[in-house]
Amino acid sequence: MADDRQADDRPEADAGVRADRLKERIYATITMIAVVVGLSLGEVGTTGALATVLTTALGLWLAAFVADQQAHRTIHRRFATGRELRRMLYVSSPLLSCAVGPGVLIGLAALDVLSLDTALSVAAGVAVVSLFLWGCLGGLRMGGGALTAIAAGVVDAAIGVAVVLVKAAAGH
């Protein structure tokens, strides 16, 4: 019985927490699309690209964490600690993990396995595909069937494609 209660105290046991975590992952994915497309249009080497991707992820995470703490202090009149702090860290961690895929691809470019342009294009493409897959999963989980799932995936992927097109049209 105690083990069941402990499992329920973990942040990931709460559906609302999982939804918040997924929201952060999707937000980070869209942001990283803009970053890697911007990098692909500029004059940057692998070191600069990797530094930009990593500092973007760190900046996103810090901004979310500071905002969460600020909101918590304002509403509850104290810092988040214990379970509340663990929840904040759990929910915001996808903001850091969004750099893993692009970072690995940029690392491969640094090793001359592929060009930096290819690495950045693949990173953007993988991110758009992941938006499509999250949309499909959401459509399926809502019970709408395959057509609804595909439509939801296309809409979500279209957001990623729109980010690519806007960045490309702006030239940065």
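Computed from heavy atoms alone, side chains included, the values below leave out hydrogens, waters and symmetry copies.
- Under the rule for a side chain to side chain contact (heavy atoms under 4.5 Å, CB included), the partners of L116 that lie at least two apart in sequence or sit in another chain are V44, T46, A49, I106, A109, L120.
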Next on the checklist: Quick one, F79 with R73, criterion side chain to side chain contact (heavy atoms under 4.5 Å, CB included). Give me CA distance, side-chain angles, the key distance, then yes/no.
Outcome noted: CA-CA 5 Å; F79 284 102; R73 285 192 320 262; 3.4 Å; yes
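- Atom OH of Y27 and atom CG of L60 lie 5.5 Å apart (nearest 0.5 Å).
- In this structure, P102 and M32 approach most closely via the heavy-atom pair CG-CG, 3.7 Å.
- You'll find the side chain of R21 reaches within 4.5 Å of the side chain of S93, heavy atoms only.
- Across every non-hydrogen atom of G16 and D14, the tightest pair is N-OD1, 2.9 Å.
- Residue pairs meeting the side chain to side chain donor-acceptor pair (under 3.5 Å) criterion with at least one partner in residues 118-133, sequence neighbours excluded, are S115-T118.
- Note that CG of D117 and CG of L41 are 8.5 Å apart. Values are rounded to the nearest 0.5 Å.
- Note on D20 versus R87: salt bridge recorded, some NZ/NE/NH1/NH2 to OD/OE distance being below 4.0 Å.
- Between L105 and V36 there is no side-chain heavy-atom pair separated by less than 4.5 Å.
- Taking every heavy atom of both residues into account, I33 and A127 meet most closely at CG1-CB, 3.4 Å.
- Applying the side chain to side chain donor-acceptor pair (under 3.5 Å) definition to pairs two or more places apart or across chains, those involving residues 52-64 are W61-S92.
- Residues forming a side-chain hydrogen bond (donor to acceptor under 3.5 Å, both in side chains) with E43 (at least two apart in sequence, or on another chain): none.
- Put simply, the side chain of S97 reaches to within 4.5 Å of the side chain of R25, judged on heavy atoms.
- Closest approach of A124 and V37 over heavy atoms only: CB-CG2, 4.0 Å.
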Item to check | Step-by-step side chain to side chain contact (heavy atoms under 4.5 Å, CB included) determination, Q69 to L85 | outcome: CA-CA 8 Å; Q69 270 292 7; L85 182 59; 3.8 Å; yes
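- Here the shortest heavy-atom pairing between M88 and D68 reads CE-O, 3.5 Å.
- Between atom CD1 of residue I26 and atom CH2 of residue W134 there is a gap of 7.0 Å, rounded to the nearest 0.5 Å.
- With sequence neighbours excluded, the residues forming a side chain to side chain contact (heavy atoms under 4.5 Å, CB included) with V129 are L133, listed by chain and number.
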Next on the checklist: Before you tell me yes or no, could you show the steps for V53 and L39 under side chain to side chain contact (heavy atoms under 4.5 Å, CB included), namely the whole-Å CA-CA distance, both residues' side-chain angles and the distance that decides it to 0.1 Å?
Outcome noted: CA-CA 9 Å; V53 164; L39 287 169; 4.0 Å; yes
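- Note that OG1 of T81 and NE2 of H72 are 7.0 Å apart. Values are rounded to the nearest 0.5 Å.
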Mind listing the side-chain donor-acceptor pairs of residues 141-162 below 3.5 Å, one per line with the distance, residues two or more places apart or on another chain?
{"residue": "T148", "atom": "OG1", "partner": "G144", "partner atom": "O", "Å": "3.0"}

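- Nearest heavy-atom pair across A34 and K167 is O-CE, 3.3 Å.
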